[in-house]
Amino acid sequence: MWRQALRVQHLLFYALLASAIFTLALWLGRAAQPLAELQDWQVRLLDPLADARLRLATLQEVQAGQLWLQAGQPQARLLWRAEQAGWRLQAELQWSASWAERLQPVLAGMAADAEQALTGEWSVQWAELPVSSLSLQPLHSVSAEQLAASLGKPRLRLELSEGLAWVYPQWALTAQLVDEQVQGLLAQPRRSWREQPL
């Protein structure tokens with residue numbers, strides 16, 4: 001009789017052990033997986049941008065995009081836009097007064113708040129223009145857990161009027177999250193953070 005009770009205890013122990021292993025496997029399977037595109041962009045875009053080395057040519061290598069001229073006061077803006085892997089990318093390019101003069105004929109025919117696509121030849125001419133900011137907007141649902149799995153945990157979390165800001169100083173990158181969902185990322189050269197007045 002005691003042997004039968006012992007056998008039942010062993011069976012119960014093994015059943016509980018199997019249940020615990022199954023539960024652990026389910027939990028690990030549900031853990032957020034890193035987003036391959038963010039990990040790739042970390043190396044190809046975020047690291048060079050943080051060091052003020054990112055150029056239009058590199059953006060075009062990562063994904064073919066379109067240059068846009070945006071009229072505005074006091075200064076026009078030169079933007080590069082593309083979509084890749086379910087993300088909308090937009091970079092602002094840093095340009096000098098001499099470049100502005102070249103675009104004056106185009107700007108002269110534009111309304112004050114208009115924007116215009118530029119032909120591909122401009123991308124070739126301006127390949128070495130530096131990037132002053134890069135925004136990444138997901139076109140699909142990206143959770144806070146996926147962002148953390150891709151870029152690591154933020155060094156700083158700030159409460160916003162709506163949602164949270166996760167700050168990654170190593171890339172001068174800020175992520176905006178609402179209800180644990182990523183709304184967008186904005187990255188700049190680290191020196192631009194140091195130059196901003198407190």
Side-chain angles (χ1 to χ4, degrees), residues 34-104 106-107 110 112-140 142 146-147 150-152 154 160 165-177 181-196:
L35 298 168
E37 63 273 15
L38 278 183
Q39 293 183 315
D40 178 49
W41 294 338
Q42 175 188 333
V43 174
R44 298 176 71 189
L45 301 178
L46 299 180
D47 286 341
L49 178 57
D51 295 333
R53 294 181 291 109
L54 184 61
R55 301 286 184 263
L56 174 60
T58 304
L59 291 174
Q60 295 282 40
E61 288 171 11
V62 171
Q63 177 64 40
Q66 176 70 54
L67 274 179
W68 290 82
L69 181 62
Q70 195 174 71
Q73 300 299 328
Q75 186 177 344
R77 298 170 67 206
L78 186 60
L79 306 171
W80 170 88
R81 294 176 180 152
E83 288 187 11
Q84 184 188 28
W87 291 78
R88 182 173 293 128
L89 289 73
Q90 177 172 289
E92 184 166 355
L93 303 174
Q94 184 179 338
W95 51 319
S96 64
S98 63
W99 284 107
E101 288 175 13
R102 294 184 195 190
L103 282 172
Q104 202 54 47
V106 180
L107 285 167
M110 293 174 63
D113 59 349
E115 60 180 30
Q116 180 176 325
L118 299 176
T119 61
E121 63 192 46
W122 289 102
S123 297
V124 175
Q125 291 180 37
W126 291 14
E128 291 307 309
L129 281 183
V131 174
S132 60
S133 70
L134 176 65
S135 66
L136 308 165
Q137 180 185 7
L139 300 176
H140 53 80
V142 175
Q146 288 175 299
L147 181 62
S150 304
L151 299 181
L160 302 174
W166 283 13
V167 182
Y168 294 85
Q170 66 270 39
W171 298 299
L173 181 142
T174 305
Q176 183 186 7
L177 293 93
Q181 295 296 309
V182 176
Q183 304 301 303
L185 310 172
L186 178 65
Q188 298 172 296
R190 277 190 295 267
R191 70 181 182 205
S192 68
W193 278 20
R194 291 193 293 266
E195 290 166 359
Q196 290 175 5

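One is the number of the first residue; the rest follow in order along the sequence.
- Residues Leu79 and Leu93 are not in side-chain contact: their nearest non-hydrogen atoms beyond the backbone lie 4.5 Å or more apart.
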Side chain to side chain contact (heavy atoms under 4.5 Å, CB included) assessment of Trp166 paired with Val182: CA-CA 10 Å; Trp166 283 13; Val182 176; over 6 Å; no
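- Of all heavy-atom pairs between Glu128 and Ala57, the closest is OE2-CB, 4.1 Å.
- The nearest pair of heavy atoms linking Ala50 to Gln170 is CB-O, 3.7 Å.
- In this structure, CH2 in Trp87 is found 6.0 Å from CG in Leu136, a value given to the nearest 0.5 Å.
- Distance check, rounded to the nearest 0.5 Å: CD of Glu37 to CG of Leu45 gives 12.0 Å.
- The shortest side-chain heavy-atom distance between Leu38 and Leu185 falls under the 4.5 Å cut-off.
- Annotation: salt bridge (charged side-chain N to carboxylate O under 4.0 Å, His left out) contacts involving residues 42-60, sequence neighbours excluded, comprise Asp40-Arg44, Asp51-Arg53, Asp51-Arg190.
- Qualifying ring pair (Phe, Tyr, Trp, His ring centres under 6.0 Å) partners for Trp171, counting only residues two or more places apart in sequence or in other chains: Tyr168.
- Gln42 and Leu151 get closest at one heavy-atom pair: OE1-CD2, 3.9 Å.
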CA sep, side-chain torsions, deciding dist, call: Trp41, Leu89, side chain to side chain contact (heavy atoms under 4.5 Å, CB included): CA-CA 11 Å; Trp41 294 338; Leu89 289 73; 3.9 Å; yes
Side chain to side chain contact (heavy atoms under 4.5 Å, CB included) between Leu134 and Leu186, intermediate numbers included: CA-CA 6 Å; Leu134 176 65; Leu186 178 65; over 6 Å; no
Show me the side-chain donor-acceptor pairs of residues 61-68 shorter than 3.5 Å, one per line, residues at least two apart or across chains.
residue: Gln66; atom: NE2; partner: Leu118; partner atom: O; Å: 2.5

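- Residues satisfying the side chain to side chain contact (heavy atoms under 4.5 Å, CB included) test with Gln137, not counting sequence neighbours, are Arg88.
- Under a 3.5 Å cut-off, the side chain of Ser132 and the backbone N or O of Glu92 do form a donor-acceptor pair.
- Among residues at least two apart or in separate chains, there is no salt bridge (charged side-chain N to carboxylate O under 4.0 Å, His left out) pair with a member in residues 166-175.
- Heavy-atom minimum distance, Ser133 versus Gln188: CB-CG, 4.0 Å.
- Trp80 places none of its side-chain heavy atoms less than 4.5 Å from the side chain of Val131.
- Closest non-hydrogen pair, Leu177 versus Ala175, comes out as CD1-O, 3.7 Å.
- Considering all non-hydrogen atoms of both residues, Leu59 and Ala91 come closest at CD1-CB, 3.6 Å.
- When atom types are taken as modelled, the side chain of Gln176 and the backbone of Thr174 share no donor-acceptor pair closer than 3.5 angstrom.
- When the side chain to side chain contact (heavy atoms under 4.5 Å, CB included) test is applied to Gln146, the partners found at least two apart in sequence or on another chain are Ala32, Leu35, Val142, Ser143.
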